[in-house]
Undergrad: 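The structure's right below; bear with me while I get my questions together.
Letters A, B, ... are given to chains in the order of the sequence lines, protein chains preceding strands, and every chain is numbered from 1.
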Amino acid sequence: MSYRVVHYINQFFANIGGEEMAHVAPELREGFVGPGMALNQAWKGEAEVVATIVCGDSYFAEHEKDAKAQILEWVKAQKPDLFIAGPAFNAGRYGYACANICAAVQDELGVPVLTGMYQENPGADLKNKVLIVSTANSAAGMRKAAPAMAKLAMKLMKGEPLGASCEDGYMNNGIRVNFFEKERGAKRAVNMLIKKLNDQPFETEYPMPSFDHVAPNKAIKDLSKATIAVCTSGGIVPKGNPDHIESSSASHYGEYCIAGVETLTSDAYETAHGGYDPVYANQNPNRVLPVDVLREFEKEGIIGKLHDYFYTTVGNGTAVASAKGFAMEYAQKLLEAGVHAVIMTST
Amino acid sequence: MVKEIERAGIPVVHMCTVTPISMTVGANRIVPTIAIPHPLGNPALSPEDEKILRRKLVSKALLALTTEVEDQTIFEN
């Protein structure tokens with residue numbers, strides 16, 4: 001007996017039509033339709049597409065709840081060993097539909113799922129939730145995508161352990177697996193360095209996160225009228241760290257009033273940061289958060305005002321997402337308070 | 001954090017010692033500082049000289065805030 005597979009595709013791959021037919025409601029067909037044939041061929045009888053669900057991309061996007069309910073009902077009745085969707089390449093609504101219907105089938109019915117799309121498809125946002133094979137950005141990549149998906153699908157149906165994302169061709173889903181490398185780290189690092197020095201291709205074992213960029217804001221025209229706030233990732237807090245900001249992997253930030261504070265004394269302030277030698281900052285916290293100098297500049301009329309509050313956290317192993325969240329929140333407070341510019345210090 | 005402040009529409013200057021990290025995270029106005037555990041100070045100096053050093057650094061940060069930039073800029077001098 002071969003494994004039973006239900007396949008999800010859009011109106012285009014079912015040959016119903018393009019954008020002008022994207023409104024069509026879901027429809028259940030027996031056997032394979034369109035790209036399902038390539039899957040069947042790759043499985044050589046070990047598995048078979050027993051039913052195909054076709055749904056217009058706009059229909060799914062506009063009636064997600066109804067579409068999901070209907071599709072789940074059909075999938076459930078088929079009792080499949082696997083639910084597969086796409087591949088969607090770089091078609092945005094199709095990719096979104098594939099990833100989301102897969103997530104629903106996986107969560108609601110407990111059936112293993114797999115989809116495929118281009119890495120920049122918005123549906124790929126679900127790559128940590130749903131297994132997604134990385135494909136080319138257009139349907140010209142079908143010849144490669146279908147066998148890759150079929151192969152991984154077979155592993156899932158047989159319950160075989162998955163290889164690393166780079167080996168099995170799925171998008172990195174953030175799951176780490178311990179294993180023994182053939183060569184020790186020092187040797188691998190030196191080999192990588194030699195390749196780099198020789199301008200040869202090499203693959204990092206620790207890709208850096210990619211950061212987007214924000215265009216710089218306009219400069220301050222008249223400092224003497226500007227309210228300046230000072231913030232830090234260097235962990236300066238009132239002595240005793242009243243809000244218990246963690247010394248590493250901080251989960252929150254602190255907001256502290258410095259109205260009337262002339263200088264940060266070692267009696268009243270300290271650092272909570274666990275990632276650098278705290279001696280110098282604890283002796284004189286102005287070395288990290290220069291309140292003393294800013295207060296002088298305020299008195300001298302160089303700046304209009306030092307903002308009454310400073311915002312602080314510990315930038316030590318703190319997740320980028322956390323730091324982003326902290327600053328998004330306090331930036332709004334700074335805006336509401338009419339702050340014109342910010343000095344951020346880091347250790 | 002610098003980037004989120006910038007995104008909110010407030011010009012921001014990042015004072016830090018490891019400027020390549022600041023470049024990577026996307027700060028636009030960057031002022032290099034003294035050392036990781038004391039970016040805005042130098043314990044080897046007398047308290048008076050240290051204060052002068054800090055005034056200089058913060059002045060540079062203020063200069064950065066009053067300077068139009070088109071792209072990521074490190075204010076070296």
Side-chain angles (χ1 to χ4, degrees), chain A residues 208-209 211-223 226 228-229 231-234 253 271 275-281 283-284 286-290 292-294 296-297 302-303 311 313 315 320 323-332 334-335 339-347, chain B residues 1-45 47 50-73:
Chain A
M208 289 290 117
F211 298 103
D212 62 341
H213 282 260
V214 179
N217 287 309
K218 287 258 173 269
I220 297 297
K221 292 227 161 53
D222 187 356
L223 271 180
I228 310 285
C231 301
T232 188
S233 66
Y253 65 90
T271 180
Y276 66 87
D277 183 349
V279 171
Y280 311 105
Q283 272 171 359
N284 182 355
N286 298 289
R287 285 170 174 158
V288 175
L289 198 75
D292 59 346
V293 164
L294 284 164
E296 285 179 8
F297 285 172
I302 296 172
I303 62 169
Y311 294 89
T313 193
V320 173
K324 190 175 164 154
F326 302 162
M328 270 173 77
E329 198 175 300
Y330 68 68
Q332 288 309 314
L334 292 168
L335 269 181
V339 167
H340 298 101
V342 171
I343 295 175
M344 171 77 72
T345 70
S346 286
T347 47
Chain B
M1 293 200 290
V2 192
K3 207 163 50 187
E4 294 315 311
I5 294 170
E6 192 93 77
R7 210 192 299 274
I10 308 174
V12 51
V13 55
H14 193 202
M15 305 190 74
C16 66
T17 303
V18 194
T19 55
I21 296 184
S22 184
M23 289 294 282
T24 310
V25 300
N28 290 316
R29 292 176 170 92
I30 302 168
V31 170
T33 52
I34 306 300
I36 292 172
H38 46 81
L40 287 132
N42 184 350
L45 300 176
E50 199 183 358
K51 188 75 163 290
I52 293 168
L53 171 76
R54 185 152 55 249
R55 281 184 66 104
K56 242 159 86 182
L57 286 164
V58 177
S59 298
K60 210 193 283 182
L62 294 174
L63 175 73
L65 287 172
T66 51
T67 307
E68 297 293 354
V69 299
E70 303 236 312
D71 208 349
Q72 292 187 286
T73 308

Undergrad: Quick one: does B:Asn28's side chain have a donor or acceptor within less than 3.5 Å of a partner on A:Val214's backbone?
TA: yes
Undergrad: When only pairs under 4.5 Å are counted, which of A:Ala331, A:Ala327, A:Ser346 shares the most heavy-atom pairs with chain B?
TA: A:Ser346
Undergrad: Considering only heavy atoms and a distance below 4.5 Å, find which of B:Ala61, B:Gly9, B:Cys16 pairs most often with chain A.
TA: B:Gly9
Undergrad: Quick check: closest heavy atoms across B:Glu68 and A:Lys218, and the distance to 0.1 Å?
TA: OE1-CA, 3.6 Å
Undergrad: Taking side chain as C-beta onward, heavy atoms only, is A:Asn284 less than 4.5 Å from B:His38?
TA: no
Undergrad: Please flag which part of B:Gln72 lies under 4.5 Å from any non-hydrogen atom of chain A: side chain, backbone, both or neither.
TA: side chain
Undergrad: Shortest non-hydrogen contact from B:Thr66 to A:Leu223?
TA: CG2-CG, 3.5 Å
Undergrad: Under 4.5 Å, counting heavy-atom pairs only, tell me which of B:Pro47, B:Pro39, B:Ala35, B:Gly26 racks up the most with chain A.
TA: B:Pro39
Undergrad: So, do A:Leu335 and B:Ile10 sit near enough that their side-chain heavy atoms are less than 4.5 Å apart?
TA: yes
Undergrad: Check B:Val69 against A:Pro216 and note the closest heavy-atom contact, atom names and distance.
TA: O-CG, 3.4 Å
Undergrad: Heavy-atom cut-off 4.5 Å, strictly under: side chain, backbone, both or neither for A:Asp222 against chain B?
TA: neither
Undergrad: For B:Val2 versus A:Met344, what's the shortest heavy-atom pair and its separation?
TA: CG2-CG, 4.0 Å
Undergrad: Using non-hydrogen atoms and a 4.5 Å limit, figure out which bit of A:Ala215 sits close to chain B: side chain, backbone, both or neither.
TA: backbone
Undergrad: Pick one of side chain, backbone, both or neither for A:Ile302, based on which atoms fall under 4.5 Å of a heavy atom in chain B.
TA: side chain
Undergrad: Please determine, among A:Thr271, A:Val288, A:Val279, the option with the most heavy-atom pairs under 4.5 Å with chain B.
TA: A:Val288
Undergrad: For A:Tyr311, is it the side chain, the backbone, both or neither that has a heavy atom under 4.5 Å from a heavy atom of chain B?
TA: neither
Undergrad: Check whether B:Ser59 gets within reach of chain A through its side chain, its backbone, both or neither, counting any heavy atom under 4.5 Å.
TA: both
Undergrad: Looking at A:Val342, A:Thr232, A:Thr313, A:Val320, which hits side chain to side chain contact (heavy atoms under 4.5 Å, CB included) with B:Met1?
TA: A:Thr313
Undergrad: So do A:Thr345 and B:Leu40 actually touch side chain to side chain, heavy atoms under 4.5 Å?
TA: yes
Undergrad: Looking only at heavy atoms, which two atoms of B:Ala8 and A:Gln332 are closest? And how far apart?
TA: CB-NE2, 4.2 Å
Undergrad: Looking at B:Glu50, B:Glu70, B:Arg54, which makes the most heavy-atom pairs under 4.5 Å with chain A?
TA: B:Arg54
Undergrad: Do B:Leu65 and A:Ile343 make a side-chain contact, defined as non-hydrogen atoms from C-beta onward lying under 4.5 Å apart?
TA: yes
Undergrad: Mind checking the SG-NE2 spacing from A:Cys231 to B:His14? Nearest 0.5 Å is all I need.
TA: 11.0 Å
Undergrad: On a heavy-atom basis, which atom in B:Pro37 and which in A:Tyr276 lie closest, and how many Å separate them?
TA: CA-CD1, 3.5 Å
Undergrad: So, do B:Arg7 and A:Lys324 sit near enough that their side-chain heavy atoms are less than 4.5 Å apart?
TA: yes
Undergrad: When only pairs under 4.5 Å are counted, which of B:Ile34, B:Thr67, B:Thr24 shares the most heavy-atom pairs with chain A?
TA: B:Thr24
Undergrad: Do A:Tyr330 and B:Glu4 have side chains that approach each other closer than 4.5 Å (heavy atoms only, starting at C-beta)?
TA: no
Undergrad: Examine distances only and state if a side-chain atom of B:Lys51 and a backbone atom of A:Asp292 form a donor-acceptor pair shorter than 3.5 Å.
TA: no
Undergrad: Measure the spacing between OG1 of B:Thr33 and CZ of A:Arg287 and express it to the nearest 0.5 Å.
TA: 13.5 Å
Undergrad: How about B:Ile21: does its CD1 atom have over 12 heavy atoms from other parts shown lying under 6.0 Å from it?
TA: no
